[in-house]
Amino acid sequence: MDIREHLRSALRAALADTGISPLPDEIALERPARREHGDWSSNVALAISKSVGRNPRQIGMELVDRLSADLPAHVTAVEIAGPGFVNFRLCDSWLHEVLVDVITAGVDGYAAPDLGHARNVNVEFVSANPNKPIHAGHGRGACYGDSLARLRERCGWQVTREFYLNDRGVQMQRFAESLAARKRGEQPPDDGYHGEYLVRWAAEMPDDADPFEWGYARALQSHRETLARLGIVFDEWFSERSMIDNGAIDDTLADLRARDAVFEQDGALWLRSTDHGDDKDRVLVKSDGDFTYLLPDIAYHRDKFSRADHLVNVWGADHHGYVARLKAAMSVLGHDADELEVVITQMVDLVRTGEPVRMSGRSGDLIELDDIIAEVGPDAARFTYLIQSVDSRQTFDLDEVKKQAMDNPVFYVQYAHARICSIEAKARQAGIQRLSADRIDASLLVHERETDLLRSLFELPDIVEIACTDNAPHRVSAWAREQAAALHGFYHDCWVMGDGVSAELTQARLGLVEASRVGMAIALDLLGVSAPESM
RNA sequence: GCGCCCGUAGCUCAGCUGGAUAGAGCAUCUGACUACGGAUCAGAAGGUCGGGGGUUCGAAUCCCUCCGGGCGCGCCA
């Protein structure tokens, strides 16, 4: 049983004994920041003092008295502190159970809370237009979205990774015209695409190819290849054009009309989105008969809702203004708008030793994600994109990320994993066979370095759950760094084998090393970063 | 003007569904291996958590307000 649930039930019983009624729904238990405040602490006396009308310190004292009279398992002391905190001191035995839990559950079973209950979730991300290479800014959304998908998979969801293709419209026309112009050796039109990549692609294009279709296919190939370099593979590439061909857009329009959610004004057709939380109504079909981008978007999300229980969209900050209208449209169509989560990633500033990397506006050149990957490597790119909350603007310093050899966190973390593997290999070479968890005497693990590692491993399931529910992979990155620090400290102070280390202690420590490997492998997998056995 | 995000150590950032003396990495300074990989470890120094109010036993965290920065507010996509 989770140690917190164990302490909670003890507290609940003590509260009942003191005549508190009704018992609080929630009893908070947390690890105090300061060591002298014990191993676990509860503020329950403070939390209920008002409703009970009693002094919190007094309630706390009573709880301490009753708990001390019959100490729960693992607990060595219960103390009152400050305004009324109830602090528990535990012996290390509760941590020794963690070791067994981790090894027994393994990489697939540990820290895998079932939050999704096999529901289907569709995670749509990147969705870069198929008319130019994926650039550095997309990298953040790509790594982030894939990590969200990994978190969902670990937490019991059925996940579809989806890429939406805006494969029609004026932008694609301009792209085709620009490509054709380059093929003829001419400059693209002023309102076309001027990037250097078009010169390369034009050179590849056969003379008799249709610039639109060939260019589209070429861009798609480029996207696939770039994403594959980061280990990102999509299940579905959804074509906007297909919704015209198969009537999905007409159906959507008919659906909206049937729900009396549209009206005509000034020759255009409008969606009454203000009825569902938008700040103004939106045009669906322009007076010239073309529809706006919004209508296919609505049709697309309508389609996604027919395929999944829950939708997650990863959008760049420049699209946050569209959230309200899309949610309004889904609400109009009878969907629960809360089942559509739109997460916004803030911008990325590329810099090189503190100097901003200029994106040439004149030529239309962008820094391609391929170039970033080639320069810093896929693991460093992914870890860097995922090390920080996507709510904050990110400064991505290419030189900092590349000089990883010395001080980059991704290497620090990967090195920890490699070290673990190195120890295990050394043990094998020495003919030491690691015993199964039930045959290890985990109680031998009493060194502070050892208990630090176990405490860290204990936290991983919580971290995974929070990262999943908050769409926050950076919590996993932070954990991985802490776990790596704990591992390096352990490595430094605690010899697993050799003179002066008993066979039993070697076995216990090998178990701890294996548990660490499990935890680190889980975290790195969630981040999509490789877990090397040697570096 | 309105909306969303951000403002925490010299730098890059965690911590934000309220907890006790605010953390990490980098950079700086000082130390540590005759053994499992020194891409490591230990210590020091570094702070008006943008400012001001409020709620609370308790606020970086919640509320209000102001300041600063980013991104959006189309019958563009």
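Judged by distance alone, the side chains of A:Glu482 and A:Ser456 never bring a donor and an acceptor atom under 3.5 Å apart. No hydrogens or angles considered: a donor-acceptor pair under 3.5 Å links the side chains of A:Asp379 and A:Gln414. Counted by atom type alone, A:Gln171 and A:Tyr193 present one or more donor-acceptor pairs between their side chains at under 3.5 Å. Between the side chains of A:Ser41 and A:Asn87, at least one donor-acceptor pair of N or O atoms lies under 3.5 Å.
With distances taken from any side-chain atom of A:Pro83 to the nucleotides B:C57, B:C36, B:C75, the minimum falls on B:C57. In the set B:C41, B:C6, B:G70, B:C6 carries the atom at the smallest distance from any side-chain atom of A:Asp391. Among the nucleotides B:G37, B:C41, B:C13, the one closest to any side-chain atom of A:Tyr412 is B:C41. Of the candidate nucleotides B:C75, B:C5, B:G3, B:G3 has the atom lying nearest to any side-chain atom of A:His320.
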Distances under 3.5 Å between protein N/O atoms and the N/O atoms of nucleotides 43-47 of chain B, please, pair by pair.
none

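A distance cut-off of 5.5 Å between ring centres, combined with a plane angle under 30°, leaves A:His474 outside any stacking arrangement with the base of B:A14. Ring-base stacking between A:Phe85 and B:G19 is not satisfied when judged by a centre separation under 5.5 Å and a plane angle under 30°.
Searching all strands for a Watson-Crick or G-U wobble partner of B:A44 with both distances below 3.5 Å returns B:U28. Base pairing of B:G7 is made with B:C67, judged by Watson-Crick or G-U wobble geometry with both donor-acceptor distances under 3.5 Å. In this structure, B:A35 makes no Watson-Crick or G-U wobble pair, since no nucleotide meets both defining distances under 3.5 angstrom. Of all nucleotides present, only B:C73 satisfies the Watson-Crick or G-U wobble test against B:G1, with each distance under 3.5 Å.
At distances below 3.5 Å, not a single donor-acceptor pair connects side-chain atoms of A:His492 with backbone N or O atoms of A:His488.
When ring centroids are compared, A:Phe163 and A:His223 come within the 6.0 Å threshold. Taking the ring centroids of A:Phe175 and A:Tyr216, they lie at or beyond the 6.0 Å cut-off.
Side-chain nitrogen and oxygen atoms of A:Tyr322 include at least one within less than 4.0 Å of the OP1 or OP2 phosphate oxygen of B:C73. Under 4.0 angstrom from either OP1 or OP2 of B:G38 there lies at least one side-chain N or O belonging to A:Tyr491. Note on A:Lys280: a side-chain N or O is less than 4.0 Å away from OP1 or OP2 of B:G74. An OP1 or OP2 oxygen of B:A77 is reached within less than 4.0 angstrom by a side-chain nitrogen or oxygen of A:Lys286. In this model, the phosphate group of B:C13 is approached by a side-chain N or O of A:Gln388 to a distance below 4.0 Å at OP1 or OP2.
Of the P atoms belonging to B:G51 and B:A9, the separation is 11 Å, rounded to the nearest Å. Look at the C1' atom in both B:G52 and B:C5: the space between them is 23 Å, to the nearest Å. Comparing the same atom, C1', in B:G18 and in B:U56 gives a spacing of 9 Å after rounding to whole Å. A gap of 10 Å separates the C1' atoms of B:G25 and B:A14, to the nearest Å. The P atoms of B:A24 and B:C62 are separated by 23 Å, rounded to the nearest whole Å. Across the C1' atoms, B:G50 and B:G70 are found 16 Å apart, a figure rounded to whole Å. Across B:U17 and B:U61, the matching P atoms stand 11 Å from one another, rounded to whole Å.
Residue A:Ser287 is in base contact, counting any heavy-atom pair closer than 4.0 Å across all strands shown. Residue A:Asn43 is classed as a base contact, given a heavy-atom separation below 4.0 Å to a base. When heavy atoms are screened at a 4.0 angstrom cut-off, A:Arg34 is found touching base atoms of the nucleic acid. Contact annotation for A:Ser49: no contact, since no heavy-atom pair falls under 4.0 Å across all strands. Contact annotation for A:His37: base contact, defined as any heavy-atom pair under 4.0 Å involving a base atom.
The pair A:Asp2-A:Arg8 does not meet the salt-bridge criterion, since no charged nitrogen lies less than 4.0 angstrom from a carboxylate oxygen.
Comparing A:Gln171 and A:Pro32 against RNA chain B, the residue whose closest nucleotide sits nearer the 5' end is A:Pro32. Heavy-atom nearest nucleotides on RNA chain B were determined for A:Arg449 and for A:Thr395, and the one closer to the 5' end corresponds to A:Thr395.
Note on ring orientation: taking the six-membered ring where Trp is involved, the planes of A:Phe238 and A:Tyr300 are tilted (angle from 30° to 60°).
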